[in-house]
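Quick notes on the structure that follows.
Both ligands and their constituent atoms are indexed starting at 1 by order of listing. For the single chain, residues carry numbers from 1 onward in sequence order.
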Amino acid sequence: MESLIFLMRIWWCCVFIIPWSTTEAQIRYTIPEELREGSVVGNIAKDLGLDVSKIIDRKLQIASETGKQYFAVDVEKGDLTVNERIDREDVCGYNVPCVLILQAVLENPLQMHRVEIEIQDINDNAPSFKSNERVLNIPESFNSGAKFLLESAIDADVQSNSLKSYSLSINDHFVLNVKTQDGVKIPELVLKQPLDREKQEAHKLILTAADGGNPVRTGTCEITVVVLDINDNAPEFEKPFYETVVDENETNHKEIVTVKAIDLDEGLNGKIEYFFADQTPDTELFNINQQTGAITVKKQLDHEKASLHKFDIVAKDKGNPQMEGHCSVKIKVNDVNDNAPDIIITSLSSPIPENSTNGTVVSLISTKDADLGENGKVKLTLAPGPPFRLSPTVSNHYALVTNGPLDRENYPEYKIELNAVDGGSPPLFSRKTVIISISDVNDNPPIFTEKSYTVYAKENSAQDSILCSVSAHDPDLGENAKISYSVLDSKVKDVPVSSYIYINSENGSIFNLQTFDYEKIKVLNIIVQAKDQGSPSLCSNATVHVFILDRNDNAPAVIYPSTSMGSVSHQRMPRSAKAGHLVTKVTAVDADSGHNAWLFYRLAEATDASLFSVNLHTGEVRTKRAVSEHDDSSQRLYIEIKDNGEPIQSTTVTVDILIEDGFHEPISDYRLKTTEDNKKTGKITLYLIISLGTVSVLCILTFFTLVVKCVKSSIVSSSCCIRRTDSGYKNPNRNLQIQLNTDGPIKYVEVLGGDMMSQSQSFGSYLSPMSEFSDLTLIKPSSTTNFTDTLNTLDASLPDSAWTFESQQVRQKLRWLYSELSVYI
Ligand SMILES: *[C@@H]1O[C@H](CO)[C@@H](O)[C@H](O)[C@H]1NC(C)=O
Ligand SMILES: *[C@@H]1O[C@H](CO)[C@@H](O)[C@H](O)[C@H]1NC(C)=O
């Protein structure tokens, strides 16, 4: 700076010479701007040619035209000095040259001098931009060569110090072009290389303006180029292909996969939304979140319907024009054991007959499971119980077959429970019930409520009255259980049983066709049959024993003494008879039986009641005392014979007794009489008498033996009684029948000999309870009409005692008895 000022002083001196030559002197100084206050411009006194000592006197003054006093005069030295800092730019602006005009005024005499001071420029101003920052928005689509006008810089200095050049910071995309318009340099940016926002969003450039001063001053402006986005990028998926696996039972809204696309663009150009591509069939199964790209399950997936889902996803940005990208998604659906096995009844034959053989196919069954692998393997089982089993055929097919006998009567219907389980974990079950009804087969005969029925029917009861009702039951069904009753034809004493009774075929009631006469028939053995209507029909038999109960409908009949010659019997006796002499014996029989046949003899009336007595039970007529001389030789006795029935029946017999002197033959003549009466049968009768005597003895012996045995055995086993059904012993071939009524004490023994006796003959023998065994009386055959049908009756009423028999023993004894008898016959 010091040297600069020194150089200038030299230059001023040169300038000084020129104005000095004029009177009215004109002085010109040249100074640079921005001098310090007090700096000396020049010695004005000397330059005006004035004596310094006279300056004060002449009052030298400096006046400025502008009014501003930039300068002052040092009166002591005569120097012109800078009074105030002078800024050339302020005083002159861009005018060149910049001259300040001053008046130097002197008094005594008044003199005026023009003083010109030229202010010279110094480079004290740098170029400057109005703003130091500038933002340029340039779309990335612009081609190279595009121009963008920039702001010019300003430099207050002039001439060589003024703005000289522009420069741009180094970059790849722009170059600077400076054009001159009206002498003003205008910078502009030229695009050298296209922009890419996706690579660089903004570019920072520095524009520098430099002046021509020395030293050079510069000014800068920061230019920011903002690259504007253009939708020049399509959304692009991170992967072209997404694959995932999901269980079929996955819950709704579960996120299974998220697709993601990227759009390098900005703003709406880069805002992506996701959609299913058109023609995606699975949109009803899946949902895609448009914003996030998350794919969720919308509807229950089913592996069994579709195990794989494939579709495309489109990502679209919101730019204009819109751009889109694609990807594909593959979703595999895993099988889960979500299907219970299914039991399918393919065929069912029901009802099946109860006589179906083992292994009869009843139903065809198959199983199904929609799951895969183990999840779809089905095991079928039967609940235990019913007689059925499963027979596997081809895979998953079974035949339900019978496995044992069926019985409709016990199990008319079977509920068969089928259980299916699959092999999943956990396994799934299903259950089905098959109902099989069993149809009836006529496999049960009717069953009577009792194997044998016993009926007691009173004789003389009215005909067409119900004797009894039999009933049978058939466990079968319908026609197979419809029962009709019938009586099997058999003969009772050569008369078909159907002439005695009939049966109501519908309800089994048995009626009598005629009144029974106990004296003709005592027991009726009927076989009734119950038959069902099945095909073939089945039947069963039962026996009905009809026992005819006796009624006292017969009066006692006198057998001896015979009254055949008249109403009076004649007997003789000697007068010498002592007391107790047996005069005669009245014998009567009663066709009835039991109590009704118990007879009592009573002397009803007598010529001399003191002489005779009649034994109540035996009917023996004996003398009470010895006959005396005074007794009348002709005596008449009225003997009444009464039975024990209800009502009592009685008969009387009149016996005339002739007391003879010297008569010594008390034996009665009946034996002779009988032989005379019936010579033909005499021989047989004799045999029979012998036989019967033997039988009686044997019988008695047997009974005693039995009694002894029974008493012993009854201690051990309580049963020692005879069943009615076992007591009849018949041998029709041999025409001999011994019938033993063992209803309690023996009531009768029947000995029948059909062929051998051309005429019906009866040998009635009875033992009244009071009589002794020795009193057994043999009676000759009688032709009394009353007895024709009840011949052969041996009525042995034994004394009342609890005689019981073990049936088998009785049967054996009787068999033996029979054989003994047959020897004689
Ligand atoms: C059976 O039918 C007959 C005739 O209809 C009847 O008299 C009888 O009482 C019936 N028997 C039974 C046990 O119902
Ligand atoms: C029933 O009795 C008759 C005659 O005695 C006989 O033929 C038939 O076989 C018997 N039926 C049954 C089931 O016993």
Atom indices of ligand 2 within 4.0 angstrom of L488 heavy atoms, with elements: 1 (C), 2 (O), 3 (C), 4 (C)
As a check for students: among V528, I527, D489, N541, identify the option with a heavy atom nearest to atom 8 (C) of ligand 2. N541
Would you tell me whether D592 and N554 have side-chain atoms, one donor and one acceptor, within less than 3.5 Å of each other? yes
Could you tell me whether S469 and ligand 1 have an N or O pair separated by under 3.5 Å? no
Using a strict threshold of under 4.0 Å (side-chain N to carboxylate O), is an ion pair present between R551 and E459? no
Run N444 and D474 through side chain to side chain donor-acceptor pair (under 3.5 Å) and show every step you take. CA-CA 7 Å; N444 287 286; D474 193 318; 5.3 Å; no
Under 4.0 angstrom from atom 11 (N) of ligand 2, is there any protein heavy atom? yes
Any side-chain donor near an acceptor of the partner, D443 and N355, under 3.5 Å: no
To the nearest 0.1 Å, how far is atom 7 (O) of ligand 1 from its closest protein heavy atom, and which atom is that? F511 CZ, 4.0 Å
Could you check atom 2 (O) of ligand 1 against the protein and tell me its nearest heavy-atom contact, residue, atom and distance included? N507 ND2, 2.4 Å
Fit a plane to each ring of Y453 and F448, take the angle between them on a 0 to 90° scale, and name the class: parallel (under 30°), tilted (30 to 60°) or perpendicular (over 60°). perpendicular
Side-chain heavy atoms of D590 within contact of N644, under 4.5 Å: no
min-distance protein heavy atom vs atom 3 (C) of ligand 1 -> N504 ND2, 3.4 Å
Pull out every atom of ligand 2 sitting under 4.0 Å from any heavy atom of C539, numbered as shown with elements. 13 (C)
Assess, by modelled atom type and distance only, whether the side chains of Q529 and N541 contain a donor and an acceptor separated by less than 3.5 Å. yes
A student checking ligand 1 against I466 at a 4.0 Å heavy-atom cut-off should list atoms 8 (C), 9 (O)
